[in-house]
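Step one of this worksheet: look at the structure below.
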Amino acid sequence: QVQVQESGGGLVQAGGSLRLSCTASGRLFKTHAVAMGWFRQAPGKERDIVASIRWSVGTTYYSDSAKGRFSISRDNARNTVYLQMNSLEPEDTAVYYCAVQTVGRMEYNIWGQGTQVTVSS
């Protein structure tokens, strides 16, 4: 069974930076993980993807709002994915979730509990 745990959220002023971490556990992770992604959900809005990374080859994807400001990376040895967020804006305030897509699944099927990011103006 695979589980993920996020950390690194908090309160930051506009223009500041935060780095989120997500560590996966479970003996099946290394053989079953296809991709890991960061999503976010602001109050009253749907959950949207922010960035993702293919676990084996490292190919990345960014939403339009994340391009140029956020960077996703992974540490294979630590089963950890990071989201470096720079030039944060109040509009980035949301709960950020880490998720894993496993082999044979078309969607992200394993989710963390989420970590709150609040950007003050």
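Below, each value reflects all heavy atoms present in this structure, side chains not excepted, and no hydrogens, waters or symmetry copies. In this chain, numbering begins with 1 at the start of the sequence shown.
Put simply, Ile110 and Phe39 are part of two different groups of oily side chains (I, L, V, M, F, W, Y) that touch within less than 4.5 Å, one to the next. Note: the hydrophobic cluster containing Val4 does not contain Tyr108 (ILVMFWY, side chain heavy atoms under 4.5 Å, direct or indirect links). Hydrophobic clustering (ILVMFWY, side-chain heavy atoms < 4.5 Å, transitive): Leu28 and Val100 are in one cluster. Tracing side-chain contacts under 4.5 Å through hydrophobic residues (I, L, V, M, F, W, Y), one reaches Ile49 starting from Val95; they form part of the same cluster. Cluster membership check: Val81 shares its hydrophobic cluster with Val50, using side-chain heavy-atom separations under 4.5 Å among Ile, Leu, Val, Met, Phe, Trp and Tyr.
Remark: Cys22 SG to Glu6 CD distance equals 5.5 Å, nearest 0.5 Å. Here the CD1-OG1 distance, from Ile72 to Thr59, works out to 11.5 Å after rounding to the nearest 0.5 Å. Separation of atoms NE2 (His32) and CZ (Arg27) is listed at 8.5 Å; rounding is to 0.5 Å.
With Asn109 contributing its side chain and Thr102 its backbone, the two residues share a donor-acceptor pair below 3.5 Å. With hydrogens and angles disregarded, a donor-acceptor distance shorter than 3.5 Å links the side chain of Lys30 to the backbone of Asn76. In this structure a side-chain-to-backbone donor-acceptor pair under 3.5 Å is present from Thr93 to Val119. Within the 3.5 Å criterion, the main-chain N or O of Ser87 finds a donor-acceptor partner in the side chain of Arg69.
Between Ala14 and Ser121, the shortest heavy-atom contact is CB-CA, 4.3 Å. Between Val12 and Gly16, the closest heavy-atom pair is CG2-CA, 3.8 Å. Trp55 approaches Ala33 most closely through the heavy-atom pair CB-O, 4.0 Å. Nearest heavy atom pair, residue Leu83 against residue Ala51, reads CD1-CB, 4.1 Å. The minimum heavy-atom distance between Gly9 and Val117, with the atom names listed, is CA-CG2, 4.2 Å. The two residues Gly112 and Tyr97 make their nearest non-hydrogen contact at O-CD2, 3.6 Å.
Taking 4.5 Å as the limit, some side-chain heavy atom of Tyr62 sits within range of a side-chain heavy atom of Ser71. Taking 4.5 Å as the limit, some side-chain heavy atom of Leu20 sits within range of a side-chain heavy atom of Met85. Two residues are said to be in side-chain contact when any heavy atoms from C-beta on lie closer than 4.5 Å; Arg74 and Arg54 fail this criterion. For the pair Ser65/Arg40, a side-chain contact is recorded, criterion being any heavy-atom separation below 4.5 Å from C-beta on.
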Walk me through whether Thr80 and Thr23 qualify under side chain to side chain donor-acceptor pair (under 3.5 Å).
CA-CA 4 Å; Thr80 299; Thr23 299; 2.9 Å; yes
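Side-chain rings of Trp38 and Phe70 stay apart, their centers remaining 6.0 Å or farther from each other.
The neighbour count for Gln113 CD, taken as heavy atoms of other residues, nucleotides or ligands under 6.0 Å away, does not exceed 12. Atom CD of Glu107 is surrounded by more than 12 heavy atoms from other residues, nucleotides or ligands within 6.0 Å.
Defined by atom type and a distance below 3.5 Å, a donor-acceptor pair is present between the side-chain atoms of Asn86 and Ser17.
Of the options Met36, Gln3, Gln1, a side-chain contact (heavy atoms from CB on, under 4.5 Å) to Phe29 is made by Met36 and by none of the others.
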